[in-house]
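Each chain gets a letter, A, B and so on, in the order the sequences are listed, and its residues count up from 1. The structure displayed is predicted, hence computed values, not measured ones.
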Number of protein chains: 2
Amino acid sequence: MVSDSMDSRKAAILRAVVDEYVNCAEPVGSSHLARVAGIQVSSATIRNEMNLLEHEGYLIQPHTSAGRIPTDKGYRYYVDTFVNDIGDSDVLQFKSVEEFFTKAHGALAEMFSDTSRLLTNLTNYAAVVTGPSPETSLIRSIQLISLDPKRVLLLMVDSKGAVEKKVLELSDEVSESHLEMASALLTKKLRGVPLGSLVEAEVSGNPELDQLCVLSIAALKELQSETESVYIEGASKVASAFDAVDTVRRVLATLEQHFLVVSLIRDVLSKGQNVAIGSELGIEPLAECSVVVAPYVVEGERVGSIGLVGPTRMNYPKVLAAVNLVSAGLGKRLSEG
Amino acid sequence: MVSDSMDSRKAAILRAVVDEYVNCAEPVGSSHLARVAGIQVSSATIRNEMNLLEHEGYLIQPHTSAGRIPTDKGYRYYVDTFVNDIGDSDVLQFKSVEEFFTKAHGALAEMFSDTSRLLTNLTNYAAVVTGPSPETSLIRSIQLISLDPKRVLLLMVDSKGAVEKKVLELSDEVSESHLEMASALLTKKLRGVPLGSLVEAEVSGNPELDQLCVLSIAALKELQSETESVYIEGASKVASAFDAVDTVRRVLATLEQHFLVVSLIRDVLSKGQNVAIGSELGIEPLAECSVVVAPYVVEGERVGSIGLVGPTRMNYPKVLAAVNLVSAGLGKRLSEG
DNA sequence: CTTAGCACTCTATTCTATCGAGTGCCAACG
DNA sequence: CGTTGGCACTCGATAGAATAGAGTGCTAAG
């Protein structure tokens, strides 16, 4: 990496590139910027700066002799730096959100799916709303049962007697005795632990046992995410956001795996972030997507979260404003009712 | 239209064209059929027959010197004629459906969305499950209130005191006095009628009043559809079914309008059909789609329905088998619980 | 009635030539 | 020394021309 000296002019240029690219979806060139943006230098100077920005990893050229587009790092800088400039955006939007929440009524589930629809309509991206987590039940016991040499059924019984199950796919065959040992070990370690607060498996020495434990804990985490209620709306917006039908398919297929989306949102929030960009998501099929999330607060407690999924080339200011507005509105509404 | 004499060989050829096109998604030519299908005549003969089938409207050529693809009419004939040949399809599928319903558990809503997911996974098309209609409430009164010259708010109060509202968009301006007359007329005619069994508006003589009545009744029907619970899954399957991203967007946007989907399914069933093909749907953005539906029966009563939405180039035998299997399973499961 | 043969049509593919947006570099300028 | 106009260069996108081949309709013979 080159000496990152980000003076204010370079920052302004980076910002202009992001804004322009978000609008037009086409690589933006130096002369275009000189004309459009409020930057009072010649295109040659802009070219120099863009060159630097490229070497520092904020921009790339899709091919020589095209304009430039922001990298994930570029978007990240944009979000971190310029987001504070943004007031709560349009008044129009503000009013319609307020109106929505004063008129909203009906059951909780309806409230959430309506909120999800509101979000997707406000922003034209796909929206996610997670409901409050089910009361955290405690793990009582865990059983691993062989289905065939490489597939194992995980049974979890919780403190209320509910049984949840999940199939593990192993990479290597495992003996019955190992299964029994792992069952005992997991039950001993996890008994009384709430499903919501699982930590990583500690190493037990034996590699085969470890494999089982790691897989089991991963499966338990999935279970938790699966039992959470999720409302996702706006599939058609995904189809508008990308022009490769293949990307659309990949993204939609991923969004249909609710537990993935839930744990994605959880991960982002747990890092204290509210934006995750492209590769930062760590989910290959969503490499071209960004996620903007916010928790909503009822009686001082974060009970759930809302989020938007769109292309990395996303209108961050607008989306951040929408997410903040809606999460505040939702929290307030739920605190009253 | 030419003298439709559909002898058995022509029917076999039509069938083979549909089968082949469903598989390969490419126009099928005469020589290809002569090779692949179990038809023991030369390609020249097949060509002659295909020519006839085209003139009779069962097939078309996308362009001269491409193979042929079925028209909506072609699919219709295929479905009406050959569907009885089809046993309950794969045993594998049968078993997995049975297994699903013996293991199924959880709340009603969960049951429906799981069923929807089952359907979409079995078939690789988008699935729709409608829950039981809410207890049919009776209309108590109807009020039309002017918002601005061309927009009117319809208020409906039902027998339980619940208020539902809907905005009507008029093509012509309407006077206050007409609104009052229409309100009175509608209330008189519809008082005590269950929302579910609205019939078309009868003519009252006055054209302006009629416009209002027709619009109001349409709005009330929409209201009914909107309050029905719907579970739609498989957006990503839509993205796989079409290769024009624009078509994908259109179809997904339409599927997101739940009331449209619900009334579509209702319409198909009310005609005693269970398949609607392309233009038969009467919904422009779904012109390239087909819908296969089945009601499910609990304690002798049709309480809801399930359906699949895919491209007209859909695997009808498989989908019909799946729909029948699942509706039977769902009905049985709900009758027990 | 069926079928082999053939001329014909028209899309899809490939290749080439051209255009132009955008760049990097350099020399001149304030 | 930062800024700017000028310029040669690169490379994708677009348009046109040539070719290949799949598939047809028709005709004449079996």
Seminar exercise, completed: Whole-Å distance, B:Leu33 CG to D:dT24 C1', equals 14 Å
Problem set entry | Under-3.5 Å donor-acceptor pair between B:Arg35 side chain and D:dG23 base | no
For this session: May I ask you to say what A:Thr45 touches in the nucleic acid, namely base, sugar-phosphate or nothing, with a heavy-atom cut-off under 4.0 Å?
Result: base
Exercise. Roughly how many Å is it from NE2 in A:His63 to P in C:dA21, rounded to a whole number?
Worked result: 14 Å
Exercise. Can you tell me how far P of C:dA12 sits from CD of B:Glu26, to the nearest Å?
Worked result: 10 Å
Exercise. Does any donor atom in the side chain of A:Asp19 or A:Tyr78 lie under 3.5 Å from an acceptor atom in the other side chain?
Worked result: yes
Exercise. What's the CD1-C1' distance between A:Ile46 and D:dG5, to the nearest Å?
Worked result: 14 Å
Problem set entry | Side chain of B:Arg68 - closest among C:dT3, D:dG6, D:dG25 | D:dG25
Exercise. If you check the A:Gln61 side chain, which of C:dG24, D:dG25, C:dA4 turns out closest?
Worked result: C:dG24
For this session: Please state how far atom CE in B:Met50 lies from atom C1' in C:dT3, giving the value in whole angstrom units.
Result: 17 Å
Exercise. With sugar-phosphate meaning primed atoms plus P, OP1 and OP2, does A:Asn48 contact a base, only sugar-phosphate, or nothing at under 4.0 Å between heavy atoms?
Worked result: base
Exercise. Which of the following nucleotides, C:dG24, D:dG25, C:dC10, is nearest to the side chain of B:Thr64?
Worked result: C:dC10
For this session: Could you tell me whether A:Arg76 and A:Asp80 have a side-chain N and a carboxylate O separated by less than 4.0 Å?
Result: yes
Exercise. Do B:Glu288 and B:Arg250 sit within salt-bridge range, that is, some charged N less than 4.0 Å from a carboxylate O?
Worked result: yes
Problem set entry | B:Arg117 bridged to B:Glu233 by N-O distance under 4.0 Å | yes
For this session: Rounded to the nearest angstrom, tell me the gap between atom CG in A:Asn51 and atom P in D:dT3.
Result: 15 Å
Exercise. Atom CD of A:Glu49 to atom C1' of C:dT23: distance rounded to whole Å?
Worked result: 16 Å
For this session: Tell me which nucleotide among D:dT3, C:dG5, D:dT4 gets nearest to the side chain of A:Arg9.
Result: D:dT3
For this session: Name the closest nucleotide to the B:Ser65 side chain, picking from C:dC10, C:dC25, C:dC6.
Result: C:dC10
Exercise. Is B:Ala66 touching bases, backbone alone, or none of the nucleic acid, heavy atoms closer than 4.0 Å?
Worked result: sugar-phosphate
Exercise. B:Leu53 CG to D:dG25 C1': how many Å, rounded?
Worked result: 16 Å
Seminar exercise, completed: So NZ of A:Lys271 and CD of A:Glu280: to nearest 0.5 Å the spacing works out to 8.0 Å
For this session: Classify the nucleic acid contact of B:Ser30 as base, sugar-phosphate or nothing, counting any heavy atom under 4.0 Å across all strands shown.
Result: sugar-phosphate
